[in-house]
Amino acid sequence: MKAFTRLDGLACPLDRANVDTDAIIPKQFLKSIQRSGFGPNLFDEWRYLDHGEPGMDNSKRPQNPDFVLNFPRYRGAQVLLARQNFGCGSSREHAPWALDDYGFRAVIAPGFADIFFNNSFKNGLLPIVLPEAVVDQLFRECEASDGYRLVVDLAAQVVTTPSGESFPFDITEHRKHCLLNGLDEIGLTLQHADEIHAFEDARKQSQPWLFAS
């Protein structure tokens, strides 16, 4: 998992509440269990004018000019501004995979669906909850200014605007540690690899019949 420390990224405003995971990555793209390759189909039904299926050449598909991700000013965005209850719907882990594969490293919203919120941390995507009034302000500023960038400092737990205004956010110490060090659940387990191997060796000595071929 990629570590998250400090991000200075272009922001993109997705001004819709209750964005569900089927909108983030439609069900027909869930056949793969690889964590990569989903970015081109992020928000597929909103982003393109035709119906998308796995294996299609997305570079040849007609784009929806009215969808915010297709605006030239937001290309390369790494911070997604969202509204209340982002990530609701089914529990697919492909949703944070698609956002990350597209290039987003953080999502800022007044609230998230619980399962999406938890899945994001496990996949290196930082979901940040800020008060609704603050999110409203970020939307206004982002929409009013080309090249609007936000600095997300995970160690300090603050989001800073181009004007220098900072907003603190909460995160548990465990999640913060994992993101700062790029550790998912497998990575956390492998930190104890020596102890695991030592336990296995001792068990083979004390109960060898369990390992007889």
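All values below come from the heavy atoms of this structure, side chains included, with hydrogens, waters and symmetry mates left out.
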Original post:
Looking at Leu125, Leu180, Val152, which one forms a side chain to side chain contact (heavy atoms under 4.5 Å, CB included) with Phe4?
Top reply: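 Only one option passes, and that is Val152.
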Subject >> Crowding at CG, Asn58 (>12 non-hydrogen neighbours, <6.0 Å) >> reply: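 Yes.
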Subject >> Over 12 foreign heavy atoms within 6.0 Å of CD, Gln157 >> reply: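 Count over threshold, so yes.
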Original post:
Looking at the rings of Phe67 and Phe71, which for Trp means the six-membered one, are their centres under 6.0 Å apart?
Top reply: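 Ring centroids of Phe67 and Phe71 are no less than 6.0 Å from each other.
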Original post:
Does the gap between the ring centers of Phe38 and His94 come in under 6.0 Å?
Top reply: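 Yes, the ring centres sit under 6.0 Å apart.
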Subject >> Salt bridge Arg61-Asp44, side-chain N to carboxylate O under 4.0 Å >> reply: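 Salt bridge flag = yes for Asp44 with Arg61.
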**OP:** Would you mind checking if Asp170 and Arg175 are paired as a salt bridge, meaning a charged N to carboxylate O distance below 4.0 Å?
**Re:**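 No salt bridge links Arg175 with Asp170.
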**OP:** Decide whether Asn123 and Glu93 meet the rule of one side-chain donor and one side-chain acceptor closer than 3.5 Å.
**Re:**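 Yes, a side-chain donor-acceptor pair sits under 3.5 Å.
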**OP:** Return yes if some donor-acceptor pair links the side-chain N/O of Asp20 with the main-chain N/O of Cys88 below 3.5 Å, else return no.
**Re:**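 Not at all, since once roles are kept as given, no pair shorter than 3.5 Å links the two residues.
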Subject >> Polar side-chain atom of Lys176 near backbone of Ala155 as donor-acceptor pair, under 3.5 Å >> reply: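 Answer holds: yes.
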**OP:** Not counting sequence neighbours, which residues clear ring pair (Phe, Tyr, Trp, His ring centres under 6.0 Å) with Phe167? List them please.
**Re:**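 Not a single residue meets the ring pair (Phe, Tyr, Trp, His ring centres under 6.0 Å) criterion with Phe167.
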**OP:** List, by chain and number, the other hydrophobic cluster members for Val158, where Ile, Leu, Val, Met, Phe, Trp and Tyr join if side-chain heavy atoms come within less than 4.5 Å, directly or indirectly.
**Re:**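 In the cluster with Val158 there is nothing else; it is isolated.
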Original post:
Within 45° of the axis and under 6.0 Å from the centre of the six-membered ring of Phe43, does NZ or CZ of Arg16 qualify?
Top reply: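 No, a cation-pi geometry is absent between Arg16 and Phe43.
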**OP:** Kindly confirm or rule out a cation-pi arrangement of Arg92 over Trp97, judged by NZ or CZ under 6.0 Å from the six-membered ring centre and within 45° of its axis?
**Re:**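 Checked: cation-pi criterion not met.
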Original post:
How many angstroms lie between atom CG of Leu10 and atom CG of Leu80, to the nearest 0.5 angstrom?
Top reply: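 Leu10 CG to Leu80 CG: 11.0 Å, rounded to 0.5 Å.
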**OP:** With rounding to the nearest 0.5 Å, note down the distance linking OH in Tyr148 to CG in Leu150.
**Re:**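 The distance works out to 4.5 Å.
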